> 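Have a look at this one before I ask anything.
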Amino acid sequence: MQFIDLAAQQARIRPEIDRRINAVLAHGKYIMGPEIGELEEKLAGYTNMRHAITVSSGTDALVIALMALEIGPGDEVITSPFSFIATAEAITLVGATPVFVDIDPATYNIDPQRIEPAITENTRAIMPVSLYGQCADYDTINEIAARHALPVIEDGAQSLGATHNGRPSCGLTTIGCTSFFPSKPLGGYGDGGACFTNDETLAQRMREIRVHGQERRYHHTRIGVNGRLDTLQAAILLAKFDIFPDEIERRQQVAAAYTRLINEQTDGAITPPHIAAGNTSAYAQYTIRIQRRDAVQRALNEAGIPTAVHYPVPLHHQPVFGLAESGNLEASSKAASEVLSLPMHPYMQESNAAQVVDAACTAANRITA
Ligand SMILES: *Cc1c(COP(=O)(O)O)cnc(C)c1O
């Protein structure tokens with residue numbers, strides 16, 4: 001069994017991928033070729049945003065968003081400590097300070113109730129993460145942000161394809177950011193990402209920052225980065241984009257099967273994901289919570305079932321941030337020791353899900369007995 005099956009997806013669309021790659025090889029515009037604009041138009045339409053700006057990675061999307069908001073030294077950005085390092089890394093890279101606010105233990109996303117007490121006179125933005133494919137509570141977060149005139153950046157690296165109260169992830173906040181890393185819901189064959197906004201000024205800045213702060217050729221109005229998406233990656237993403245909505249539906253079907261099987265077969269030993277009312281998840285990961293996680297993971301590994309832990313060390317415990325236990329990030333610390341991501345991809349069969357749940361139940365009953 002595979003954790004993610006990219007080969008099955010490739011087999012489905014290989015002719016279209018070949019056609020798209022060959023078109024790029026024929027026109028030869030490897031940097032900012034026509035596929036970039038075509039993809040940006042489709043992404044903007046998909047997220048209901050006026051502007052989609054493709055960039056070189058999800059991490060660069062976050063950095064470029066922060067740079068466009070002119071966030072830097074002395075500034076604080078409120079974020080979640082239960083994420084991939086890139087979230088807090090981007091804040092630190094622009095010279096600002098990440099301020100960690102604990103998660104809601106049910107959804108693993110930042111707890112909106114804890115945001116307001118963390119706002120200081122130095123706070124310049126709120127950057128929640130839509131973890132595992134489920135949006136944070138942006139309706140509440142946007143209200144809090146509006147009260148304090150703060151922009152909100154969604155780290156939607158895992159959640160493109162999800163919705164929050166009927167609106168699409170990456171289309172919910174001042175700037176949305178996503179990643180096209182191969183294992184993300186919309187993944188290329190290399191690194192890539194995108195920023196989304198409705199704000200004309202921010203869109204213009206992000207377009208310039210992605211090309212060395214260049215307003216027009218060899219005229220640089222600000223410090224930027226080399227942050228473009230390759231034309232070849234855009235071509236591959238265009239081929240994948242055609243089947244993306246269907247793949248999200250398939251992920252949701254696999255997740256529904258998992259959750260039903262878990263609820264039938266365990267009496268609470270395994271906690272399935274909780275999708276909040278008003279949300280649909282893109283299920284970048286199907287992540288359960290379980291006691292004695294490491295032992296269960298070992299048992300599953302022995303049974304030939306690959307799993308992963310997203311993420312074993314919360315960001316406030318990473319040596320690079322060097323923060324002592326601040327005492328109020330306990331839900332994140334606890335989640336880091338209990339979460340386990342099961343195999344998840346659009347081409348999984350219900351029989352595969354049943355096999356995984358059987359093995360997980362057997363392991364959980366044996367280990368926790
Ligand atoms: C993958 C990921 C990123 C970084 O994206 P890259 O394209 O790998 O740079 C940022 N945040 C989260 C939550 C991610 O999962």
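Here the structure is a predicted model, which is why all the values come from computation and not from measurement. In each ligand, atom 1 is the first atom listed, and ligand 1 is the first ligand listed.
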> Counting only heavy atoms closer than 4.0 Å, does ligand 1 sit against the backbone of Phe82, its side chain, both, or neither?
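It is neither part, as no heavy atom is under 4.0 Å.
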
> Restricting to non-hydrogen atoms, name the atom on Ser183 and the atom on Ile4 that form the minimum distance, rounded to 0.1 Å.
CB-CD1, 3.5 Å

> Heavy-atom pairs closer than 4.0 Å: do any link ligand 1 to the side chain of Asp155, the backbone, both, or neither?
side chain

> Please work out whether the ring planes of Tyr286 and Tyr258 are parallel, tilted or perpendicular, with thresholds of 30° and 60°.
parallel

> Does Ser83 reach ligand 1, in the sense of a heavy atom lying below 4.0 Å from it?
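The answer is yes, since Ser83 has a heavy atom less than 4.0 Å from ligand 1.
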
> Which protein heavy atom lies closest to atom 1 (C) of ligand 1, and at what distance to 0.1 Å?
Lys184 NZ, 1.4 Å

> Polar contacts were defined as any N/O atom of the residue lying under 3.5 Å from an N/O atom of the ligand; does this apply to Gly58 and ligand 1?
yes

> Backbone, side chain, both or neither: what part of Val129 comes under 4.0 angstrom of ligand 1, heavy atoms only?
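Only the side chain of Val129 comes within reach of ligand 1.
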
> Applying a 4.0 Å heavy-atom criterion (strictly less than), which segment of Ser57 is in contact with ligand 1: side chain, backbone, both, or neither?
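Both backbone and side chain of Ser57 come within 4.0 Å of ligand 1.
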
> Ignoring hydrogens and angles, state whether a donor on the side chain of Gln252 or Ser281 is under 3.5 Å from an acceptor on the partner side chain.
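Their side chains do not contain a donor-acceptor pair, so the 3.5 Å distance test is not met.
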
> Suppose we measure from atom 9 (O) of ligand 1 to each protein heavy atom; which comes out shortest, and what is that distance?
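Here the closest protein heavy atom is Thr59 OG1, 2.5 Å.
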
> Can you spot which of Arg289, Arg293, Arg292 makes a side chain to side chain donor-acceptor pair (under 3.5 Å) with Glu338?
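Of the listed residues Arg289, Arg293, Arg292, the side chain to side chain donor-acceptor pair (under 3.5 Å) partner of Glu338 is Arg289.
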
